Amino acid sequence: MNSVAMVCRDETVLRKVSAPCVFDEQLKKDIKTLKDFCNSEDVYSISGVQLGILKRLIYIKTTSAATTNQLDEKDEERLYINPVILSKRGKTKYWELCVSCVDKDGLDFASLNTRPYEIEIMYQNASQEVVTETLTGLAATIFCHEYDHLNGILQMDNAEKNISMRPEDRWELRKREPYTIISKDCEWEEVLER
């Protein structure tokens, strides 16, 4: 990898719960590290812990690439500091991959996960303002994936299915079994979060 930071694949680190962010000079450097990583690697998003930064910090580069199969999308620069999920509705399924989750042979773990269609979140932006926002569809799925990382949860933990695959095969899998909206407004069933 030619990125600024190296991906953490150490499960003992990935299983740790991230601490709240303190607004200081180090946080500015951490945000830059996440942004630089997303813009130099083949990823949609990243959480701090995946780069060894145990802070409640999420950076999302794109929420559309998974449906267009293009990762050269413009950087959406979505930054979430100290995020909290306030509510969840609906139900979707999607084959998730993760730069931190590979098997012993270096193959990607693809995990078929059920996620809410809509989430209401609260977080701080870079100016320390508290923001409340509603995310829907794939944006909600991507956010939930990264939010799980902040709590030491990996995509395969709650998956319906897990398979190993070569990175170049992911687009074919997602073409055969694309992002699926099961319901936009059903009550979220917490039992899904095993």
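Position 1 is the first residue of the sequence; numbering continues from there. Predicted, not measured: the structure shown is a model, and the values here were computed from it.
- Applying the side chain to side chain donor-acceptor pair (under 3.5 Å) criterion to Arg176, with sequence neighbours excluded, gives no partner residue.
- For the salt bridge (charged side-chain N to carboxylate O under 4.0 Å, His left out) test, residues two or more places apart in sequence or in another chain that qualify with Glu11 are Arg15.
- A heavy-atom distance below 4.5 Å is found between the side chains of Arg174 and Tyr94.
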Cut-off 3.5 Å, no hydrogens considered: what does the side-chain donor-acceptor table look like for residues 128-137, sequence neighbours left out?
{"residue": "Glu129", "atom": "OE1", "partner": "Asn125", "partner atom": "ND2", "Å": "2.7"}
{"residue": "Glu133", "atom": "OE1", "partner": "Tyr123", "partner atom": "OH", "Å": "2.7"}

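- Arg115 pairs by the side chain to side chain donor-acceptor pair (under 3.5 Å) definition with Glu96, Asp148, not counting sequence neighbours.
- Salt-bridge annotation for Glu187 and Arg89: present, with a side-chain N of the basic residue lying under 4.0 Å from a carboxylate O of the acidic one.
- Counting only residues at least two apart or on different chains, no ring pair (Phe, Tyr, Trp, His ring centres under 6.0 Å) pair has a member in residues 16-36.
- For the pair Arg9 (side chain) and Val99 (backbone), a donor-acceptor distance under 3.5 Å is present.
- Side-chain atoms of Thr180 come within 3.5 Å of backbone N or O of Pro178 as a donor-acceptor pair.
- Side-chain contact between Gln155 and Asn113 is present, with heavy atoms from C-beta onward closer than 4.5 Å.
- For the pair Ile119/Trp188, no side-chain contact is recorded, criterion being any heavy-atom separation below 4.5 Å from C-beta on.
- Note on Ile121: it clusters hydrophobically with Ile142, by side-chain heavy-atom contacts below 4.5 Å among ILVMFWY residues.
- Side-chain contact between Leu34 and Leu79 is absent, with no heavy atoms from C-beta onward closer than 4.5 Å.
- Take Phe143 and apply the ring pair (Phe, Tyr, Trp, His ring centres under 6.0 Å) test, not counting sequence neighbours, and it matches Tyr80, Tyr147.
- Atom-to-atom distance recorded for Asp75:CG and Cys38:SG is 7.0 Å, nearest 0.5 angstrom.
- Residues satisfying the salt bridge (charged side-chain N to carboxylate O under 4.0 Å, His left out) criterion with Lys184, sequence neighbours excluded, are absent altogether.
- Both Ile46 and Leu27 are members of a single hydrophobic cluster when ILVMFWY side chains are connected at heavy-atom separations under 4.5 Å.
- Qualifying side-chain contact (heavy atoms from CB on, under 4.5 Å) partners for Ile163, counting only residues two or more places apart in sequence or in other chains: Trp95, Ala110, Leu173.
- Taking the side-chain contact (heavy atoms from CB on, under 4.5 Å) definition, one finds that Lys16 meets it with Leu54, sequence neighbours left out.
- Taking the side-chain contact (heavy atoms from CB on, under 4.5 Å) definition, one finds that Asp103 meets it with Asp105, Leu107, Phe109, Ser164, sequence neighbours left out.
- By the side-chain contact (heavy atoms from CB on, under 4.5 Å) test, Gln26 is found to be paired with Asp24, Lys29, Asp30, Lys55, residues two or more places apart in sequence or in another chain being considered.
- Side-chain atoms of Asp10 and Thr12 form a donor-acceptor pair, as typed in the model, at a separation below 3.5 Å.
- Separation of atoms NE2 (His149) and SG (Cys8) is listed at 10.0 Å; rounding is to 0.5 Å.
- Under the 4.5 Å side-chain criterion, counting only non-hydrogen atoms from C-beta, Leu57 is not in contact with Leu150.
- The side chain to side chain donor-acceptor pair (under 3.5 Å) search around Lys161 returns none, not counting sequence neighbours.
- Judged by distance alone, the side chain of Thr92 and the main-chain N or O of Tyr117 form no donor-acceptor pair under 3.5 Å.
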